[in-house]
Amino acid sequence: MKYVIAYDIGTTGVKTCLFGIDKKIELIAGVHEGYGLYIVENGGAEQDEGEWWSAMCTTTKKLFDITSINPSEIVGISFCSQMQGLVLVDENGITVRKPMSYMDQRAVKEIKEGITHGIQIAGGNVFKLAKSLIISGAASTSVKDPVWKYKWVEHNEPQNFERIYKWLDVKEYLIYRCTGQFVMTEDSAFASLLYDTRNGKRGWSKSLCRMYGINMQHLPNVIKSTDQAGCLTQKSSADLGLVPGIPVFGGGGDASLIGIGAGCVETGDTHIYLGTSGWVSTIVDKQKVDVFNMIAAIVGAQSENFNYFAEMETAGKCLEWVKDHLALDEIGIYLDKKNVAESQETIYTNLYDYLMETINMVEPGAGGVIFTPWLHGNRCPFEDPNASGMFFNITINTGKTELIRAVVEGICYHLRWMLECQEKKIKVSDTIRFVGGGALSTITGQILADITGHKIDVTTNPQNVGSVGAAAVMGVSLGIIPDLKSIKDYVTAEHIFVPQRRTKVMYDRNFQVFKRLYKCNKRNFKDLHKSVEVSKNELSQFS
């Protein structure tokens with residue numbers, strides 16, 4: 001058996017997993033540590049690269065405290081990571097500013113100047129849109145796309161912009177910390193939407209960089225997910241508590257490797273992910289794009305396939321909001337009654353279980369209350385940084401448990417909306433694999449089946465599928481696993497949920513109302529967003 005370490009770099013924490021690979025991929029141990037996501041004015045969302053590295057170092061050392069494995073037995077490390085962040089570094093690998101999260105939506109002016117002028121289709125300049133679609137198979141039509149973050153820094157922080165040596169994504173920065181090498185995996189390069197995906201032309205597109213005004217010298221070398229990026233340096237190995245020289249592999253973004261870890265590797269396989277963000281992804285063999293619903297077929301870890309991908313910005317993040325702001329009294333009682341482990345992940349998991357048990361006492365439909373899970377804008381099937389969360393149809397009989405159930409149902413309504421948008425262009429699988437931390441709850445699994453009308457199955461340890469995908473990539477690189485298609489043999493369903501007919505009529509009716517809520521409130525969201533900004537400016541004059 002060969003031992004590897006996979007780092008699952010999420011939005012709010014890292015899960016460091018030790019795997020043994022032989023005839024199967026066996027999770028030996030996993031350690032979690034959280035870090036911050038800092039929301040700043042004008043829609044900004046930033047993180048601290050030092051917190052990422054510190055969490056990696058702490059969790060790696062803890063692995064060896066809780067297992068009998070020796071650091072010298074580790075034969076490889078890799079990553080599964082959040083994507084579309086912007087980490088700008090100087091030639092010494094030092095960040096020139098705080099990394100910008102995929103959630104950052106400050107670049108409203110930049111996207112307006114860059115693509116939303118002239119003759120338009122789906123909110124983008126028709127000529128630039130067509131050019132992007134031909135070259136990359138997608139287009140930078142979201143304010144949260146990395147291109148516009150890059151341009152925002154150029155326009156608003158010229159001194160920082162002058163210091164840029166390389167443009168990296170989150171895991172690429174951590175690969176640099178491990179190896180001293182500036183690289184970017186193919187899926188991350190594609191996520192910049194500056195990458196030419198045409199056969200025989202794969203690589204950074206000079207044409208797109210010229211069109212957007214990108215300095216190509218800032219772009220690193222591109223490698224495959226299965227390629228070795230470098231070896232662990234003396235300094236990084238000391239920080240991590242590992243042995244120098246261990247191979248470090250490219251790995252992939254969460255959108256690439258979670259599907260692989262879920263066992264969705266054949267054309268037509270569909271999975272739904274519910275973590276901090278959420279998405280619906282289906283394997284396709286040709287690039288497709290739906291510019292009206294903001295769905296694109298993205299490059300993944302398998303070069304011969306693409307992931308037809310629809311994303312929502314805040315999914316599990318809504319449940320975290322519930323934990324912090326709606327369930328404080330229940331939380332206090334729960335932590336007094338039960339002795340849970342000290343780790344943040346264990347407390348969160350037990351708390352999540354408790355909340356799910358609580359909402360299971362509420363009838364499906366949450367007493368008619370509907371929640372919109374747009375706590376930080378939305379991307380698919382509509383792009384709107386002003387969109388916000390709300391509870392609709394509260395009555396005198398509405399209690400806290402109805403509100404909490406409405407949040408879970410609202411997330412599932414939105415997942416259904418994206419699923420149905422995918423079905424306009426492709427065929428999704430009849431049985432959908434459900435993964436991520438949200439899939440830990442059998443109650444959520446049943447709600448998702450009832451709302452979507454699809455059979456839902458869940459793997460063992462669904463919260464670790466990204467790490468499983470990273471381990472699978474290493475297994476292929478090390479010659480232990482024949483190819484990535486073989487991962488299907490390693491992953492089986494533990495729970496299966498079948499839609500219940502008795503809830504269909506009610507959920508179908510509520511779903512139609514859910515979809516209308518955005519259209520009916522689009523202007524209200526915009527006006528209130530402006531009102532908040534005006535109020536902030538007025539108050540600042542008196543401070």
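Nothing fancy with the numbering, it's 1 onward along the sequence.
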Do you see a donor-acceptor pair shorter than 3.5 Å between the side chains of [X] and [Y]?
| X | Y | result |
| --- | --- | --- |
| Q84 | E311 | no |
| K131 | S207 | yes |
| S188 | E172 | yes |
| S101 | D104 | no |
| K171 | T185 | yes |

Looking at every heavy atom in both [X] and [Y], which two are closest together, and how far apart are they?
| X | Y | answer |
| --- | --- | --- |
| I411 | A315 | CD1-O, 3.2 Å |
| E33 | A55 | OE2-CA, 3.9 Å |
| A262 | V491 | O-CG1, 3.4 Å |
| C380 | A310 | SG-CB, 3.6 Å |

Does the [X] side chain pair with the main chain of [Y], one donor and one acceptor, at a distance under 3.5 Å?
| X | Y | answer |
| --- | --- | --- |
| Q302 | L484 | no |
| E186 | V222 | no |
| S136 | L194 | no |
| H454 | A449 | no |
| S236 | L232 | no |
| D254 | I258 | no |
| Q287 | A297 | yes |
| D187 | G253 | yes |
| K166 | Q217 | yes |
| S78 | G251 | yes |

Side chain to side chain, I272 and M418, heavy atoms closer than 4.5 Å: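 Heavy-atom side-chain distance check fails, nothing below 4.5 Å.
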
Side chain proximity check, I5 to L242, heavy atoms < 4.5 angstrom: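 When only atoms from C-beta onward are counted, L242 and I5 do touch, with a gap below 4.5 Å.
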
Flag the pair [X] / [Y] as yes when their ring centroid distance falls below 6.0 Å, and as no otherwise.
| X | Y | answer |
| --- | --- | --- |
| Y165 | F182 | yes |
| W53 | Y173 | no |
| H376 | Y102 | no |

K485 atom NZ: more than 12 heavy-atom contacts under 6.0 Å: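 Atom NZ in K485 is crowded, with more than 12 foreign heavy atoms closer than 6.0 Å.
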
Partner residues of I134 under the side-chain contact (heavy atoms from CB on, under 4.5 Å) criterion, sequence neighbours left out: R198

Given T16, T60, T59, the one that forms side chain to side chain donor-acceptor pair (under 3.5 Å) with Y7: T60

side-chain contact (heavy atoms from CB on, under 4.5 Å) between F382 and K519, worked out: CA-CA 10 Å; F382 60 86; K519 184 177 180 180; over 6 Å; no

Parallel, tilted or perpendicular: rings of W374 and Y518 (30°, 60°): perpendicular

Contacts of K2 that satisfy salt bridge (Lys or Arg N to Asp or Glu O under 4.0 Å) - sequence neighbours left out: none

